[in-house]
Amino acid sequence: MDSFDNFHSSEKAEASELQRMIAVEQQKAQFQAQVHSFTDICWDKCVESPGSKLDHRTETCLVSCVERFIDTTLTITNRFTQMVQKGAH
């Protein structure tokens, strides 16, 4: 029975590691989706005509747009976390 128990716990460890790896990959995919989203939004908002270089106004607009997007995302995420924590107590 000991070898069966060791095998079973080994399977559990592998399953746990697999779940962790899947969660990491899901987080990467979500991050990439967010980057794609704010790239599209900020590009449409700030870039009038693409060229070989960004002018100062376009660069400033892009930086501000991305910073607002990140700030908003963090605020929403923090608020959601607070709501979940309050619901868990």
Side-chain angles (χ1 to χ4, degrees):
M1 278 261 190
D2 285 339
S3 63
F4 180 75
D5 289 340
N6 289 339
F7 180 73
H8 186 66
S9 64
S10 174
E11 281 184 333
K12 282 183 180 179
E14 287 178 15
S16 178
E17 178 64 15
L18 182 60
Q19 286 178 334
R20 187 194 66 74
M21 289 172 54
I22 289 170
V24 167
E25 290 303 315
Q26 287 174 331
Q27 288 175 337
K28 287 180 187 178
Q30 287 176 330
F31 177 77
Q32 289 173 338
Q34 281 188 320
V35 168
H36 181 73
S37 177
F38 70 69
T39 299
D40 282 348
I41 291 168
C42 294
W43 181 270
D44 290 344
K45 177 179 173 27
C46 298
V47 179
E48 293 175 14
S49 59
S52 60
K53 293 181 92 178
L54 297 176
D55 61 24
H56 180 69
R57 184 187 87 45
T58 303
E59 186 176 345
T60 301
C61 180
L62 287 168
V63 168
S64 296
C65 181
V66 170
E67 286 176 351
R68 280 195 312 272
F69 191 90
I70 291 170
D71 288 344
T72 302
T73 301
L74 288 173
T75 299
I76 291 169
T77 302
N78 289 338
R79 180 67 180 130
F80 181 72
T81 301
Q82 289 172 353
M83 290 170 54
V84 169
Q85 288 174 345
K86 285 181 182 178
H89 290 225

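Please read these numbers as outputs of a predicted model, since none were measured by experiment.
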> Can you tell me how far the CD1 atom of Ile70 sits from the OG1 atom of Thr75, to the nearest 0.5 Å?
Replying inline: 11.5 Å
> When rounded to the nearest 0.5 angstrom, what distance separates CE in Met21 from CD in Gln26?
Replying inline: 12.5 Å
> Counting only N and O atoms by type, is there a donor-acceptor contact under 3.5 Å from the side chain of Ser37 to the main-chain atoms of Ala33?
Replying inline: no
> Roughly how far apart are Gln27 CD and Phe31 CZ, rounded to 0.5 Å?
Replying inline: 11.5 Å
>> Please report the interatomic distance CG(Asp71) to CD1(Ile76), rounded to the nearest 0.5 Å.
In response: 11.0 Å
>> Is there a continuous path of hydrophobic side-chain contacts, each under 4.5 Å between heavy atoms, that joins Leu74 to Ile41?
In response: yes
> Which value, rounded to the nearest 0.5 Å, describes the distance between Thr72 atom OG1 and Arg68 atom CZ?
Replying inline: 8.0 Å
> Can you name the nearest heavy-atom pair linking Trp43 to Leu62, along with the distance?
Replying inline: N-CD2, 4.2 Å
>> For the CD atom on Gln82, are there more than 12 heavy atoms of other groups (residues, nucleotides or ligands in this structure) within a distance under 6.0 Å?
In response: yes
> How about Cys42 and Cys61: are their SG atoms under 2.5 Å apart?
Replying inline: no
> Would you find a donor on one side and an acceptor on the other, under 3.5 Å apart, between the side chain of Ser16 and the backbone of Lys12?
Replying inline: no
>> Evaluate Glu14 against Glu17 for side chain to side chain contact (heavy atoms under 4.5 Å, CB included), listing each step before the verdict.
In response: CA-CA 5 Å; Glu14 287 178 15; Glu17 178 64 15; 5.7 Å; no
>> Let me confirm one number: the CZ-OG1 distance from Arg57 to Thr60, rounded to the nearest 0.5 Å.
In response: 9.0 Å
